[in-house]
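Everything below concerns the one structure shown next.
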Amino acid sequence: MPEIYKFGGASIKDAEAIRRLGELLSRHDLHPRALVVSAMGKTTNALEALLDAARGDEPGPYRERLEALRDDHLAVAKTLFDSGSAAEADLERLLEELDAAHRAHCDAPYPMHYDQTVGFGELLSTTLVAAWLNEIGLPTRWCDARELIVTDDHHQAAGVDWRETCNRLQTLANEEEALLLTQGFIGATAGGTMTTLGREGSDFSAAILAHCLDAPGLTIWKDVTGVFNADPGRFDNARQLERLSYAEAVEQSWHGAKVIHPRTLAPLQRKAIPLTVRSFLEPGATPSRIGPEPGDGDRQPACILRDDQRLLDISPADFRFMDEACLGEVLGLLARHGLHANYLACEAMRLRLAINDDAAKCAALLADLRGDYRVECREGLTLLTVRHPGDGLLQLLSGDMPVVAEQCSATTAQRLFPSDACPTAWHLPD
Ligand code: ADP
Ligand code: ASP
Ligand code: MG
């Protein structure tokens, strides 16, 4: 069984990028068993905006946004294929399905409406990529992930039915010899209702395929040559880590290193399947490898930034302790509202949490806490997490920025700063 490959939005962002993907597979003599592909470029953000427009009162922006999505995808089809191609017809059909799904779910709860519409980005992109690979002579079978990845009905963060998903994937792989190409990010319940696995979840989809098909490896193709000790887009001297254990990769992604989705590692770890992070722009460059053994990246300092953080100081209203019962209640509410504590520190009468600044979810949480708890909020913060901080690193990185909150363990240090005091380009001390 050859490897599974995953291509993210940047690797198929336009017609030229899709051509490059085809060349990569044919020129470098790569023979993966299956490809998992994300939506083109920033399509998922565009679909979220479409949904927000649709749930608003004005019909105008929804139509405009749908047309823009249509134009973007048809322009790629027209560049790659002769006019009137089968790919064009497939895109038109999918856009009609998207519109019908939207209309059928307008009054449904947001997470259900989201999953019936936002997952179309991957259906559209894979239609183009599969048609292109067949066009250049790589026999490719477009597979609908809604028939393969079976999930529960936890919309926007669906849980996987591993047994049924493995059965379906193995049956398909036994029957079909061609390269399998499917969508990241989406699945469906056993009853066939579309679900999504969480933003950036295509990495996880690829790990599901690798796990269920007992693949010898998973390669995630990125616009960077591998996993770095900080985001190379924000730290001007970030360095690549060549080897990492699953455990360290989980820590870094959990803390927000955007390069790998945190749910990706567990399905690989359970079968000791190695993960390679490699560049589609520089396929010859040394990649990063993640596996069961410790590597050079396991002890080196690594920095992770999260912007748009909101700090909540939560205290019981009647001068009680923030004891286990209160903690259970507050954290239970956080989970119920789909919020994640990126920073969490507990004192006798206060719990400090930093969460992503999602206005609707935060408002719902605050409404539930009101009465029993006093809550102070501070917005506009950036969270810096340093793994293996060593002597003085955090201090050197902080410079003279005001520190809003901080905590430190043997392996991980975290500080929150006002975002407007942070540098635009960060620099790691030598
Ligand atoms: P995809 O196209 O697969 O969705 P992403 O954009 O999610 O790719 O991930 C690649 C980006 O992740 C890089 O362009 C880089 O700026 C960013 N990134 C953040 N942290 C890291 C890190 N520690 N190592 C490498 N890249 C990182
Ligand atoms: N397209 C989805 C997103 O942008 C999933 C992914 O790309 O991983 O979140
Ligand atoms: Mg991504």
Side-chain angles (χ1 to χ4, degrees), residues 5-14 17 20-21 35-49 51 69 114-115 117-126 129 145 149 156-158 182-187 194-208 218-242 244 248-264 275-282 285 287-288 290 297 300-307 384-387 425-426 428:
Y5 286 178
K6 181 257 171 173
F7 288 94
S11 65
I12 51 150
K13 67 178 175 21
D14 52 26
R20 190 190 316 110
L21 188 158
L35 307 184
V36 173
V37 177
S38 299
M40 276 170 51
K42 302 283 176 211
T43 302
T44 307
N45 293 350
L47 280 158
E48 286 186 348
L51 186 66
L69 205 68
Y114 183 101
D115 279 4
T117 47
V118 177
F120 270 84
E122 270 69 9
L123 292 166
L124 293 164
S125 66
T126 50
V129 177
I149 311 291
Q156 291 192 272
T182 195
Q183 305 77 41
F185 186 49
I186 62 170
M194 177 143 75
T195 53
T196 62
L197 303 170
R199 281 305 305 263
E200 304 289 335
S202 297
D203 294 346
F204 178 43
S205 304
I208 297 172
L218 167 62
T219 296
I220 298 188
W221 295 87
K222 296 269 172 187
D223 59 358
V224 282
T225 49
V227 177
F228 282 61
N229 62 350
D231 182 349
R234 303 194 61 181
F235 284 76
D236 55 13
N237 58 344
R239 272 189 307 105
Q240 189 174 332
L241 305 170
E242 283 187 15
L244 282 134
E248 183 58 28
V250 167
E251 286 292 342
Q252 294 192 15
S253 58
W254 167 262
H255 284 293
K258 214 172 77 83
V259 64
I260 308 170
H261 189 282
R263 291 179 86 185
T264 313
L275 169 63
T276 303
V277 179
R278 191 170 167 188
S279 166
F280 61 82
L281 297 170
E282 294 174 64
S288 296
I290 298 161
Q300 286 190 40
C303 296
I304 302 141
L305 291 170
R306 279 190 196 266
D307 292 322
L384 169 68
T385 300
V386 185
R387 292 280 299 157
W426 291 71
L428 291 162

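Order of listing sets the numbers, starting from 1, for every ligand and every atom in it.
- By the 6.0 Å contact criterion, CZ on R199 is enclosed, its count of non-hydrogen atoms from other residues, nucleotides or ligands being greater than 12.
- Distances between N or O atoms of R199 and those of ligand 2 include at least one value under 3.5 Å.
- The distance from ligand 2 to the heavy atoms of S38 drops below 4.0 Å at these ligand atoms: 6 (C), 7 (O), 8 (O).
- Judged purely by atom type and a 3.5 angstrom limit, Q183 uses its side chain to pair as donor or acceptor with the backbone of A145.
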Could you walk me through whether R234 and D307 satisfy the salt bridge (Lys or Arg N to Asp or Glu O under 4.0 Å) test, starting with their C-alpha distance in whole Å, then the side-chain angles of each, then the deciding distance to 0.1 Å, before giving a yes or no? CA-CA 12 Å; R234 303 194 61 181; D307 292 322; 2.8 Å; yes
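- Residue contacts with ligand 2: T44 is placed with a nitrogen or oxygen under 3.5 Å of a nitrogen or oxygen of the ligand (distance criterion only).
- Residue contact check for ligand 1: G226 places a non-hydrogen atom closer than 4.0 Å to it.
- The closest approach between E122 and ligand 2 falls below 4.0 Å for a heavy atom of the residue.
- Per-residue contacts place F228 under 4.0 angstrom from the following atoms of ligand 1 (heavy atoms of the residue considered): 22 (C), 23 (N), 24 (N), 25 (C).
- The side chain to side chain contact (heavy atoms under 4.5 Å, CB included) test with F185 is passed by exactly one of E200, H261, E122: E122.
- At least one donor-acceptor pair closer than 3.5 Å links the side chain of S288 to the backbone N or O of V227.
- Among D231, T225, L241, the residue whose heavy atom sits closest to atom 21 (C) of ligand 1 is D231.
- For ligand 2, the atoms sitting less than 4.0 Å from at least one non-hydrogen atom of S202 are 5 (C), 6 (C), 7 (O), 8 (O), numbered in the order shown with element in parentheses.
- Any N or O atom pair closer than 3.5 Å counts here, and G201 shares at least one such pair with ligand 2.
- Each of the following atoms of ligand 1 lies closer than 4.0 Å to a heavy atom of G9: 2 (O).
- Taking each of K258, K42, E200, R199 in turn, the one with a heavy atom nearest to atom 6 (O) of ligand 1 proves to be K258.
- Set against the non-hydrogen atoms of V227, the atoms of ligand 1 under 4.0 Å away are 24 (N).
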Steps toward side chain to side chain donor-acceptor pair (under 3.5 Å) verdict (E282, T225): CA-CA 7 Å; E282 294 174 64; T225 49; 5.7 Å; no
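- Remark: ligand 1 atoms within the under-4.0 Å shell around heavy atoms of K222 are 1 (P), 3 (O), 5 (P), 7 (O), 8 (O), 9 (O), 10 (C).
- Of the polar atoms of W221, none of the N or O atoms is found under 3.5 Å from an N or O of ligand 1, judged by distance alone.
- Counting heavy atoms closer than 4.0 Å to ligand 1, residue P232 contributes side-chain atoms (C-beta onward) but none from N, CA, C or O.
- More than 12 heavy atoms of other residues, nucleotides or ligands shown are found within 6.0 angstrom of CH2 on W426.
- In summary, the side chains of D115 and T196 do present a donor paired with an acceptor at a separation below 3.5 Å, with no hydrogens or angles considered.
- Contact between K6 and ligand 1 is present, with at least one heavy atom of the residue lying under 4.0 Å from the ligand.
- Here the closest heavy-atom approach between residue G121 and residue T43 is recorded as CA-CG2, 4.0 Å.
- Taking every heavy atom of G8 and a limit of under 4.0 angstrom, the matching atoms of ligand 1 come to 1 (P), 2 (O), 3 (O).
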Before giving the answer on side chain to side chain contact (heavy atoms under 4.5 Å, CB included), spell out for I208 and L197 the whole-Å C-alpha distance, their side-chain angles and the decisive distance to 0.1 Å. CA-CA 11 Å; I208 297 172; L197 303 170; 4.2 Å; yes
Would L218 and D203 count as a side chain to side chain contact (heavy atoms under 4.5 Å, CB included) here? Give the steps. CA-CA 10 Å; L218 167 62; D203 294 346; over 6 Å; no
